[in-house]
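First comes the structure, then the notes that go with it.
Because the structure is a prediction, the values reported are computed rather than measured. Naming convention: chains lettered A, B, ... in sequence-line order (proteins, then strands); numbering from 1 in each chain.
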2 protein chains.
Amino acid sequence: MGNSQIKASGGNSSGPRYQELADILQTEVESEVYPVGTRMPTELELCNRFSVSRFTVREALRRMIDNGMILRRQGSGTVVVSKNPTTMFVQKLNTIDELLQYSHDTQLKVKSSSPIELDAETAQTIGGETGEAWHKIESIRYLDEKSPICWTDVFVRPEHRQLADRIGEDTTPVFMVIQKEFNVVAEEVTMDLFAGSMKEEKAWAMGVEPGSPTLVIVRRYKDKNGRIFEISVSEHPAGRFTFSVDLLRSSNVD
Amino acid sequence: MGNSQIKASGGNSSGPRYQELADILQTEVESEVYPVGTRMPTELELCNRFSVSRFTVREALRRMIDNGMILRRQGSGTVVVSKNPTTMFVQKLNTIDELLQYSHDTQLKVKSSSPIELDAETAQTIGGETGEAWHKIESIRYLDEKSPICWTDVFVRPEHRQLADRIGEDTTPVFMVIQKEFNVVAEEVTMDLFAGSMKEEKAWAMGVEPGSPTLVIVRRYKDKNGRIFEISVSEHPAGRFTFSVDLLRSSNVD
DNA sequence: AAATATAATTTGTCTGTACATCTTATCTTA
DNA sequence: TAAGATAAGATGTACAGACAAATTATATTT
């Protein structure tokens with residue numbers, strides 16, 4: 001009748017029961033009692049083994065899902081996918097344009113806009129195929145009239161070239177414009193950051209000596225099929241821009 | 001006796017009931033029925049209002065916790081902390097040393113180790129107070145015998161200076177050594193990346209021309225009290241190191 | 001009036017039951 | 001034998017009840 005227990009938390013030692021259970025199961029996965037790739041016991045089996053209710057078992061397993069050790073599918077069962085708990089640090093972004101990290105009142109001015117086929121060097125840096133057809137938009141980002149922050153080359157798919165006109169109208173990031181206009185969603189964004197030196201033709205526009213140090217940031221935006229729909233290459237002269245990453249230890253890791 | 005319901009999922013339309021409920025409450029938070037800073041109704045009140053069990057309510061609220069809209073404290077209640085669901089992109093790190101992004105077989109060789117008081121310039125770059133007492137460890141990271149990757153200055157608290165001897169013994173990252181030896185945990189890691197140029201005294205050690213471009217990475221490790229227990233400043237000559245960030249759109253955002 | 005004890009409130013943990021839904025194995029039939 | 005229907009098994013959703021633990025409000029005492 002659902003009221004046979006005497007004390008809810010019979011736990012004598014530390015925290016809640018499901019946490020104890022999660023710890024035990026976690027240890028067992030680590031020591032390969034349940035090797036990666038195999039199936040874990042069913043909920044009912046765990047209930048019997050530990051003499052707890054399904055709630056407690058599920059609560060324990062939920063924690064193991066959160067740190068990426070197991071994977072569950074309705075009807076099927078529970079499979080071990082990783083020996084050691086993943087996701088130790090998480091970077092949270094509150095708004096979508098924290099991705100770019102430029103203050104909201106910077107402005108992008110388009111210098112040129114033309115279709116290109118990737119040469120070997122460009123293909124290398126942006127991570128594409130040589131000869132691939134893209135549309136290249138050269139632009140400069142300004143803090144105000146006379147303060148250029150960075151030179152940015154934006155590469156978009158030829159079928160999206162018409163958005164070049166829209167850039168600079170407001171402060172909306174380019175990939176946001178694409179998302180809205182062409183109904184694609186950035187599921188994954190990859191960023192590469194490395195040091196470089198400014199080439200002559202860009203140097204004068206940025207007001208620095210040719211060959212002076214720059215922070216290069218390459219951003220690749222992928223849709224849900226893994227297809228890259230935008231690549232941007234930004235070159236920041238030394239002293240004008242700092243890229244910050246803030247990582248928090250994920251709380252749901254014990 | 002706990003068996004009065006006829007159908008478990010009375011949901012006529014779409015998904016599970018708790019998801020519907022979460023959607024409704026989410027909309028209400030967005031439209032400021034429950035403004036940020038105020039308290040949401042109690043579980044029991046929500047149970048009555050929607051004629052559902054506590055399970056369903058808690059399951060709905062769990063989702064709102066996950067996307068950072070609400071915050072709950074036992075005994076107290078539920079407070080709204082954000083109007084719009086946060087965490088749009090999440091960076092997952094599988095292992096703790098993915099933070100450093102050096103392949104596991106690189107080696108750190110200590111050049112010098114001495115106590116210092118921060119001068120104005122150093123205080124600025126590492127984000128500390130001028131005159132503060134730290135222990136500075138100068139080192140170089142090598143891929144192999146003759147291939148230096150970067151110059152790294154590590155700053156640790158004076159009380160942790162003895163670990164300087166341990167560095168380079170194995171491939172364990174410095175902050176991991178501190179965590180083990182002194183029982184502190186890195187709850188937050190902040191990284192700043194920017195462009196710089198290599199100073200003369202370091203340039204010859206790295207085998208590059210003085211003033212050549214570098215990628216500078218400043219890492220700050222904080223414990224649970226927000227106290228910084230390690231700072232490292234790494235300077236990578238151009239072409240030897242790329243820092244990559246991979247962001248995934250968080251799934252639990254509807 | 002201030003400090004302390006008590007009660008009420010609210011979320012957290014836990015059990016038991018029941019049915020839904022998806023998956024997989026088994027059996028049946030063409 | 002292969003395709004399709006059936007049954008069994010596993011996880012998902014949902015209900016109701018009970019006690020635990022933390023917080024807050026109330027009453028009591030000094």
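For R72(B) and dT24(D), the CZ to P distance is 15 Å, given to the nearest whole Å. In this structure, CD1 of I70(B) is placed 11 Å from C1' of dT11(C), rounded to the nearest angstrom. Across the protein-nucleic acid pair, L44(A) atom CG and dG16(C) atom P stand 12 Å apart, rounded to whole Å. In this structure, E43(B) atom CD and dT23(D) atom P are separated by 16 Å, rounded to whole Å. The distance from atom CZ of R17(B) to atom C1' of dC15(D) is 12 Å, rounded to the nearest whole Å. Atom CD in Q74(A) sits roughly 12 Å away from atom C1' in dG9(D) (whole-Å rounding). If you measure from atom CZ of R62(B) to atom P of dA14(D), you get 14 Å, rounded to the nearest angstrom. When the P atom of dT13(C) is taken as reference, atom CG of L21(A) falls 14 Å away, rounded to whole Å.
With a 6.0 Å radius and a threshold of 12 heavy atoms from other residues, nucleotides or ligands, R161(B) has its CZ atom at or below the threshold. Residue-environment remark: CZ (R62(A)) exceeds the threshold of 12 foreign heavy atoms within 6.0 Å.
When each of dT11(C), dT11(D), dT23(C) is scored by its nearest atom to the side-chain atoms of T42(A), the top-ranked nucleotide is dT11(D). For P16(B), the side-chain atoms get nearest to dA14(D) when compared with the rest of dA14(D), dG12(C), dT11(D).
Inspection of the T106(B) and R141(B) side chains reveals an N or O donor paired with an N or O acceptor under 3.5 Å.
Between R73(B) and the phosphate of dT10(C), there is no side-chain N or O to OP1/OP2 separation shorter than 4.0 Å. Distances shown here put every side-chain N or O of T78(B) at or beyond 4.0 Å from the OP1 or OP2 atom of dT10(C). Distances shown here put a side-chain N or O of S76(B) below 4.0 Å from the OP1 or OP2 atom of dT24(D). For the OP1/OP2 pair of dC15(D) and a distance below 4.0 Å, the side-chain nitrogens and oxygens of T56(B) include at least one atom meeting the criterion. A sub-4.0 Å separation between OP1 or OP2 of dT13(C) and a side-chain N or O of Y18(A) is present.
Applying the side chain to side chain contact (heavy atoms under 4.5 Å, CB included) criterion to P158(A), with sequence neighbours excluded, gives A133(A).
If you check residues 46-54 of chain A against DNA chain D, the residues with a heavy atom closer than 4.0 Å are R54(A), listed by number.
Ion pairing between a basic and an acidic side chain is recognised when a charged N comes within 4.0 Å of a carboxylate O; K83(A) and E30(A) show no such pairing. Note on R220(B) versus E188(B): no salt bridge recorded, every NZ/NE/NH1/NH2 to OD/OE distance being 4.0 Å or above. One finds a salt bridge joining R63(B) and E59(B) here, because a Lys/Arg side-chain nitrogen approaches an Asp/Glu carboxylate oxygen to under 4.0 Å.
Heavy atoms of R58(A) sit under 4.0 angstrom from at least one base atom.
Between F55(B) and R39(B), the residue anchored nearer the 5' end of DNA chain D, judged by the nucleotide with its closest heavy atom, is F55(B).
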